[in-house]
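Keep in mind the model is a prediction, meaning the values are calculated, not measured. All residue numbers in this chain count up from 1 along the given sequence.
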Amino acid sequence: MATFVYKVRDRAGKIFTGNMEGENRNAIVSRLREMNYYITSIIEKKQGILLLKKITLFQRVKLRDLTIFYRQFATMVNAGLTLVNSLDILTEQVENKSLANVIKTVKSDVEAGSTLADAFVEHPRVFSEMNISMTRAGEIGGVLDEILNKIADLMDKEYALRQKIKSAMAYPAFISVAAVITAIFMLTFILPQFVGVFAQFGGDLPALTKVLVMFTKLFNQFWYLFFIFFVALFFAFLAYIRTPNGKLNFDRFKLNVPIFGELNRKTSVARFTRILGTLIKSGVPILEALKVSSDAIGNLVISLAVTNAKTKIKEGQSISGPLAASGVFPPMVTQMIMVGEESGELEEMLVNVASFYDQEVDRSVERLTAIIEPLMMAVIGLTVGVMVIAMYLPIFNMVNLIK
């Protein structure tokens, strides 16, 4: 008998975890289903821990690796290969060793009689709940190859979106690092030289120069304290945003911060509408689709708004009404969802909204880049300018001393 750790949800959506002994994983699945639970994950204690350690310590499964996996998997299934044969081939083709180990385990579970979705459930660090729900819908509807392609399309768009945001942030990050290095160099090496020359004439330093000199001395003598302070501040911030209130406040700040807030909101809306539309189109029930898409949004403020809307929808209300009442979504989004509900083409409307906001994100990234470049140059110019003035003020006073 083996011991399995399970995570399940009841019909009301409440999550339960526990341990159960059984001959194999399929026996545990059968017993939990008899109890009317929706299975989220089942992991054999020893195997699960070893597998998670492999993934965590040696190599992450990147989004790009998963995208390629789903695309190749869909092609093989569409060509008529069995799931076991497809997974066997993919085990050899996948370059990421952690993903290859996971696929090998999935193949073993499928060979033992498990469904593909249930086999994916055992690896929550690799396969998201959204992908598992879509896979289950594809197996039930007999359109697994189409669903796998849709998952790959979603992940392609998600990857492209992340790359755009990274590209937008790369230049400001580079300029910021350059500004910090320049400031440290001028304070540590250049300013003391100016001060030393001026001190030989017995003059009194200007106030601005005194402040910079004092800061330079403190930094040179206690640089390790500055380092410890900023490292401690960084980890304290990470600890805070991992708390429920901290994450909620930080996500709210990300939506309202000038310049970046608009981009964050559009990114979240595009992700939510694309995932929700794809899930509904794939045959996932609306309440389950809302639950999965809310978890995948990436912003707790918007996710809570969707969760609250889900409760009201369960009571018989429309989708657009509660979403509009939350005040989180732009009016255009809720209006288009309302039109989709009334016309019976909700999934198509959601996909159209996602496409529109994808374009909006592109435009926002371009505007952001155009705004940040001159802004960063102005900040760097101001920083360097203050230092240059602080260094040249003693020279002007030196002229008076020589006279």
Side-chain angles (χ1 to χ4, degrees), residues 165-264 300 364-365 367-403:
I165 294 173
K166 283 181 182 178
S167 298
M169 297 297 103
Y171 182 77
F174 173 77
I175 294 296
S176 299
V177 171
V180 170
I181 292 173
T182 302
I184 292 174
F185 177 77
M186 293 182 71
L187 289 173
T188 306
F189 298 102
I190 299 179
L191 184 59
Q193 298 296 326
F194 275 82
V195 173
V197 173
F198 186 73
Q200 294 176 3
F201 291 88
D204 191 27
L205 291 173
L208 178 60
T209 309
K210 283 182 179 179
V211 171
L212 287 178
V213 169
M214 182 178 66
F215 178 78
T216 302
K217 287 181 179 178
L218 287 173
F219 181 79
N220 289 337
Q221 292 179 9
F222 305 105
W223 62 268
Y224 54 92
L225 293 179
F226 282 91
F227 176 77
I228 292 172
F229 171 76
F230 283 111
V231 169
L233 189 65
F234 174 73
F235 281 106
F237 172 73
L238 289 182
Y240 173 69
I241 63 174
R242 283 173 183 162
T243 63
N245 286 337
K247 181 167 176 53
L248 181 63
N249 291 330
F250 184 57
D251 283 349
R252 186 178 290 115
F253 169 77
K254 287 193 294 185
L255 291 178
N256 297 318
V257 64
I259 302 176
F260 294 96
E262 179 188 7
L263 177 61
N264 286 322
L300 189 56
S364 293
V365 169
R367 286 197 297 268
L368 187 63
T369 305
I371 292 171
I372 284 179
E373 288 184 13
L375 185 63
M376 293 300 297
M377 294 305 295
V379 170
I380 293 172
L382 181 63
T383 304
V384 175
V386 168
M387 293 182 184
V388 170
I389 292 171
M391 288 187 292
Y392 274 92
L393 280 176
I395 295 177
F396 297 145
N397 290 346
M398 194 184 302
V399 174
N400 295 329
L401 289 174
I402 294 174
K403 290 181 180 179

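Annotation: side chain to side chain contact (heavy atoms under 4.5 Å, CB included) contacts of Val211 (sequence neighbours excluded): none. Applying the side chain to side chain contact (heavy atoms under 4.5 Å, CB included) test to Tyr240 and every residue at least two apart in sequence or in another chain returns Thr243, Asn249. Checked against side chain to side chain contact (heavy atoms under 4.5 Å, CB included), Val231 has the following partners two or more places apart in sequence or in another chain: Phe227, Phe235. Contacts of Arg367 classified as salt bridge (Lys or Arg N to Asp or Glu O under 4.0 Å), with partners at least two apart in sequence or in another chain: Glu262. The ring-ring contact (aromatic ring centres under 6.0 Å, His included) test applied to Phe222 returns no partner, not counting sequence neighbours.
Nearest heavy-atom pair, Leu255 versus Asn264, reported as atom, atom and distance to 0.1 Å: CD2-C, 4.2 Å. Leu263 and Ser364 make their closest contact through CD1-CB, 3.9 Å (heavy atoms, listed as atom of the first residue, atom of the second, distance).
Atom CZ of Phe253 has 12 or fewer heavy atoms from other residues, nucleotides or ligands within 6.0 Å.
Under the salt bridge (Lys or Arg N to Asp or Glu O under 4.0 Å) criterion, the residue pairs touching residues 222-249 are Lys247-Asp251, with sequence neighbours excluded.
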